[in-house]
Participant: 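Have a look at this one before I ask anything.
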Amino acid sequence: AASADGNRIMVTNGTYVLDGQVTVDKAVTIRSVTGAASTIIDGGLPWRSNRCFYINKVDAVIDGFTIQNGWVSGKLSWPDMCGGGVMCYSNGFVMNCIVRDCAADVGGGVWCREGGVVSNCVFSGNAALLSWARGGGISMRSGGLAIDSAFVGNIASGSGGGVSHEMGGTLQRCVVSNNYADLYGGGVDIFHGGVMRESRIENNECNGYGGGVIVRGVPESGEMYNCLVMGNVATNPVFGAGGGVSAQGIGWMYNCTIA
């Protein structure tokens, strides 16, 4: 039977290999019975190429899954190339999930556009692959919130190995560590606006600018509040700069530590 707004869909333990993306366009909650460790949604790579979830409804919730092997890198149209694991298009919640080994050209793990909330999730092994690609773990465009989450061991060929902000988005109480980007922001790229609060940015690497964080673009500003930025490196001996933080636009830092 078709689901209706307000329904709860419980998913029992197992690994579910998808033939196509799961589209969530009603205000339903899709929740695992026993949590992410035992309930896996698999995009099917290398046999198939599709994202795992597409969310486009206020109050839609994905709760308690491992989301893996979603792949939309190389798609020719926008926004089909975004969000290898999950696309939150304006709305939706992703909670208590592990997002791993997914790839896209924008938002290897998750892409949030003009909204969407990611809470208490772990991102690892995700990638943004094209030369200009951004947001290995997550990319937030014109909105979105990532809170109480960890971004560890993700990569971007372009910018934002762990996290990419583009014209907005908020990162709050998160850990961003051991990520890599080739051009800008090994840990976090703030491009034309974005906010970071009470987060740890540590042990990230960039071959270009901003081993930990880069703030770039005008006139919008990037803002950081009560953050710890430590142990990050910009490695290129010719044009690498800003091991901790690189500012190439308007940026504000309040009560932050860079070490």
Side-chain angles (χ1 to χ4, degrees), residues 67-68 70 73 82-86 94 97-112 118 120-141 144 146-166 169-191 194-216 222 224 227-236 240-246 256-259:
I67 299 167
Q68 67 182 30
S73 180
C82 304
V86 182
V94 180
C97 288
I98 299 168
V99 183
R100 67 188 184 194
D101 302 328
C102 297
D105 299 326
V106 179
V110 171
W111 185 56
C112 293
V118 171
N120 195 35
C121 293
V122 176
F123 291 71
S124 66
N126 303 289
L129 291 177
L130 289 188
S131 60
W132 53 265
R134 54 188 177 269
I138 189 172
S139 179
M140 294 179 280
R141 178 183 172 93
I147 187 168
D148 296 328
S149 295
F151 301 85
V152 182
N154 306 282
I155 64 171
S157 297
S159 59
V163 178
S164 170
H165 297 264
E166 185 182 5
T170 298
L171 187 77
Q172 184 168 352
R173 296 197 304 268
C174 290
V175 174
V176 182
S177 68
N178 296 101
N179 304 283
Y180 173 84
D182 204 42
L183 297 178
Y184 301 106
V188 181
D189 175 34
I190 302 177
F191 182 54
V195 177
M196 294 170 48
R197 298 181 184 274
E198 300 146 4
S199 294
R200 294 174 61 95
I201 315 299
E202 56 189 1
N203 301 324
N204 301 283
E205 179 181 340
C206 184
N207 189 46
Y209 299 93
V213 181
I214 188 168
V215 179
R216 58 195 182 103
M224 297 172 59
C227 292
L228 174 62
V229 182
M230 63 179 295
N232 305 281
V233 292
T235 55
N236 191 294
V245 177
S246 176
C256 294
T257 300
I258 303 173

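Note that the structure is a prediction, hence the values are computed from the model and not measured. What you see below is based on every heavy atom in this structure, not just the backbone, and it leaves out hydrogens, waters and symmetry mates.
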Participant: I'd like to know if the side chain of N232 reaches the main chain of E205, judged simply by a donor and an acceptor atom lying under 3.5 Å from each other, with no hydrogens or angles considered.
Facilitator: no
Participant: With no hydrogens and no angle check, is any side-chain donor or acceptor of D105 less than 3.5 Å from a backbone partner on S73?
Facilitator: no
Participant: Below 4.5 Å, heavy atoms only, C-beta onward: do I138 and V99 meet side chain to side chain?
Facilitator: no
Participant: Do R197 and R173 make a side-chain contact, defined as non-hydrogen atoms from C-beta onward lying under 4.5 Å apart?
Facilitator: no
Participant: Does T170 reach the side chain of M140, with side-chain heavy atoms less than 4.5 Å apart?
Facilitator: no
Participant: Looking at every heavy atom in both A104 and G84, which two are closest together, and how far apart are they?
Facilitator: CB-N, 3.5 Å
Participant: Could you tell me the separation between the CZ atom of F151 and the OG atom of S177, rounded to the nearest 0.5 Å?
Facilitator: 11.0 Å
Participant: I'd like to know if the side chain of N126 and the backbone of C102 have a donor-acceptor N/O pair within less than 3.5 Å.
Facilitator: yes
Participant: Given side chains that start at C-beta, do those of I214 and S159 come closer than 4.5 Å, heavy atoms only?
Facilitator: no
Participant: Less than 4.5 Å apart, side chain to side chain, heavy atoms only: is that true for M224 and V229?
Facilitator: yes
Participant: Of all the heavy-atom pairs spanning G136 and A156, show the shortest one and how long it is.
Facilitator: N-CB, 4.0 Å
Participant: Out of the candidates I258, V245, N204, only one should pair with V213 under the side-chain contact (heavy atoms from CB on, under 4.5 Å) rule; please name it.
Facilitator: V245
Participant: Side-chain contact, heavy-atom cut-off 4.5 Å: V188 with H165?
Facilitator: yes
Participant: Using atom types as modelled and distance alone, determine if a side-chain donor or acceptor of S164 lies under 3.5 Å from a backbone N or O of S139.
Facilitator: no
Participant: Would you name the heavy atoms of C112 and G144 that are closest together and state the gap between them?
Facilitator: CB-CA, 4.4 Å
Participant: Taking the six-membered ring of Y184 as reference, does the NZ or CZ atom of R216 fall below 6.0 Å from its centre and within a 45° cone about the axis?
Facilitator: yes
Participant: I need the minimum non-hydrogen distance between G208 and A234, along with the two atoms involved.
Facilitator: O-CB, 3.5 Å
Participant: Check the pair F123, V163 against side chain to side chain contact (heavy atoms under 4.5 Å, CB included), reporting the backbone distance first and the verdict last.
Facilitator: CA-CA 10 Å; F123 291 71; V163 178; over 6 Å; no
Participant: Evaluate the side-chain proximity of C82 to R141: yes if any heavy-atom separation is below 4.5 Å, no if none is.
Facilitator: no
Participant: At what distance, to the nearest 0.5 angstrom, does CG of D182 lie from CG of N207?
Facilitator: 5.0 Å
Participant: Any side-chain heavy-atom pair from V175 and E202 closer than 4.5 angstrom?
Facilitator: yes
Participant: Distance from R200 atom CZ to C174 atom SG, nearest 0.5 Å?
Facilitator: 12.5 Å
Participant: Is it true that a side-chain atom of S157 and a backbone atom of L129 form a donor plus acceptor pair closer than 3.5 Å?
Facilitator: yes
Participant: Rounded to the nearest 0.5 Å, what separation is found between the CD1 atom of I67 and the SG atom of C121?
Facilitator: 7.0 Å
Participant: Hey, could you give me the CH2/CG distance between W132 and L183, rounded to the nearest 0.5 Å?
Facilitator: 12.5 Å
Participant: Check whether S149 reaches the backbone of N120 with its side chain - one donor and one acceptor, N or O, closer than 3.5 Å.
Facilitator: yes
Participant: What is the distance from atom CG of N154 to atom CG of D101, rounded to the nearest 0.5 Å?
Facilitator: 9.5 Å
